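Below: the structure, in structure tokens.
All values reported here derive from a predicted model rather than from experimental measurement. Letters A, B, ... mirror the listed sequences (proteins, then strands); counts begin at 1.
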Number of protein chains: 2
Amino acid sequence: MMNTITYSKAEKHLVAVDCIIFGYDEGDLQVLLFPRAIMPEQGCWSLMGGFVNLDESLESAAKRVLFNITGFHDIRLDQVGAFSEPNRDSGERVISIAFSALIRPNQHDKELIREHGAQWWPINKLPKLIFDHEKMVEKALLHLQALADSELVGRDLLPERFTLMQVRQLHEAIFRKPLDPGNFRKKALSMGVLNKLTIKNTSESKKGAFYYEFSQP
Amino acid sequence: MMNTITYSKAEKHLVAVDCIIFGYDEGDLQVLLFPRAIMPEQGCWSLMGGFVNLDESLESAAKRVLFNITGFHDIRLDQVGAFSEPNRDSGERVISIAFSALIRPNQHDKELIREHGAQWWPINKLPKLIFDHEKMVEKALLHLQALADSELVGRDLLPERFTLMQVRQLHEAIFRKPLDPGNFRKKALSMGVLNKLTIKNTSESKKGAFYYEFSQP
DNA sequence: CCAAAAGTGTTCATCCTACACCCATGC
DNA sequence: GCATGGGTGTAGGATGAACACTTTTGG
């Protein structure tokens, strides 16, 4: 693992995790942002993050951060990548590993979020973010797009029951481009992860569209 | 970025980089391994790595490690991922970020490698590795496969001039399965990154195969 | 002549895209 | 009736897998 004679000579680092928390609401892919609580750049918009403790893995640290905000501990987390330019944090040298999370905005604990002063922002209209957090969001979105290419995304973003139009609009938001309704329907159904329910949603169209749910994985 | 009041309370970590160094020789995809120099697990086979200094990025640290071994500083490096289970290193708690590198075994400085006691191992016959290094190699190979799917791999692995059979055998080694010679030829040429040379290699076949080179990126 | 690699062409299945078309119904 | 979304079908293009076939030449 290393070239030195003993571990003890090596320099030690502050290591943080930052979470790109994606949500979906009203046709918009959204990211949860926070006004930074401490100096420097206090008050500027930031991803939610925290330092990693010595007794926990990066994933555990990210889960802990997410739990503090949302109250959930069963949230899917994907490692996006490590960001480590020596001067990326204008305060002190911090290595940060970015994690991507998908959550249902209407399901999480809104009180907890409000306590932190957090706010959802549409991904197309993000404010300026501190440090390299914009790069993190960009890379996380690429990850999400890759995920949506290989499997159907939505289990962690859509409500329990949804119409195919909702899944399509979610994917349109992820890919930032319109998708053909007929083709998307066929592809979505062919993946075999959706159960058709017997009830219809009649609020979005005159004819009414069947509700679907994700089958258990 | 964080939830605490000041950075100074946060715990500090040993942070390392480990390099999965891929080479290609004689039809085999190979990985460069080292007998570990320090306790614990001294003498066991290991990836090459090193601790990250406070004034360098993870990429810089990985480049430094590679330079010490190979004498090159223009090697392509890809971040594979962070490994951070608290007990992954049986010595002390170390977070390690894995990087993947591709080099030409016949081009690098063999003296430097020998100095370190390093040795090339075919990827299909790796010895037992320390800690979680086997997971690192596995993930790095997946990365390499994804790369070879989207573009033609070989610029950093094959000699300057090579035949199409050599590129194909490299890809067969990466994907661990035979590829149809005719189909591979067409796909490789259609990617538009190969220049056909006017000279032939006559040692591998009676008819002789034209040499190719990678066009400048 | 024969084996073995080089190189080309053909067929078939699959997947995606674009787009036409009918259905149901609230206004 | 008509606009709107729901839902189905189809033609064309691109891609890739399987495989036949011809070329070249050392042994």
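Applying the side chain to side chain donor-acceptor pair (under 3.5 Å) test to B:Asp156 and every residue at least two apart in sequence or in another chain returns nothing. When the ring-ring contact (aromatic ring centres under 6.0 Å, His included) test is applied to B:Phe162, the partners found at least two apart in sequence or on another chain are B:Phe214. For A:His143, the ring-ring contact (aromatic ring centres under 6.0 Å, His included) criterion is met by no residue, not counting sequence neighbours. By the side chain to side chain donor-acceptor pair (under 3.5 Å) test, A:Asn124 is found to be paired with A:Arg176, residues two or more places apart in sequence or in another chain being considered. Applying the ring-ring contact (aromatic ring centres under 6.0 Å, His included) rule to A:Phe67 yields the partners A:His73; only residues at least two apart in sequence or on another chain are considered. For the side chain to side chain donor-acceptor pair (under 3.5 Å) test, residues two or more places apart in sequence or in another chain that qualify with A:Arg168 are A:Glu172. Applying the ring-ring contact (aromatic ring centres under 6.0 Å, His included) test to A:Tyr211 and every residue at least two apart in sequence or in another chain returns nothing. For A:Tyr212, there are no side chain to side chain donor-acceptor pair (under 3.5 Å) partners two or more places apart in sequence or in a different chain. Partners of B:Ala82 according to the side-chain contact (heavy atoms from CB on, under 4.5 Å) rule, which considers only residues two or more places apart in sequence or in another chain, are A:Leu58, A:Gln79, A:Ile97, B:Ile97.
Within residues 205-214 of chain A, the residues that place at least one heavy atom under 4.0 Å from DNA chain C are, in residue-number order, A:Lys206, A:Lys207. Residues from residues 173-203 of chain A that place a heavy atom under 4.0 Å from any atom of DNA chain D, listed by number: A:Gly182, A:Arg185, A:Lys186.
Annotation for B:Ala173 and B:Gly27: closest pair CB-O, 3.9 Å, computed over non-hydrogen atoms.
Bracketed by its first and final contacts, the part of DNA chain D lying under 4.0 Å from non-hydrogen atoms of chain B reaches from D:dA17 to D:dG26 in 5' to 3' order.
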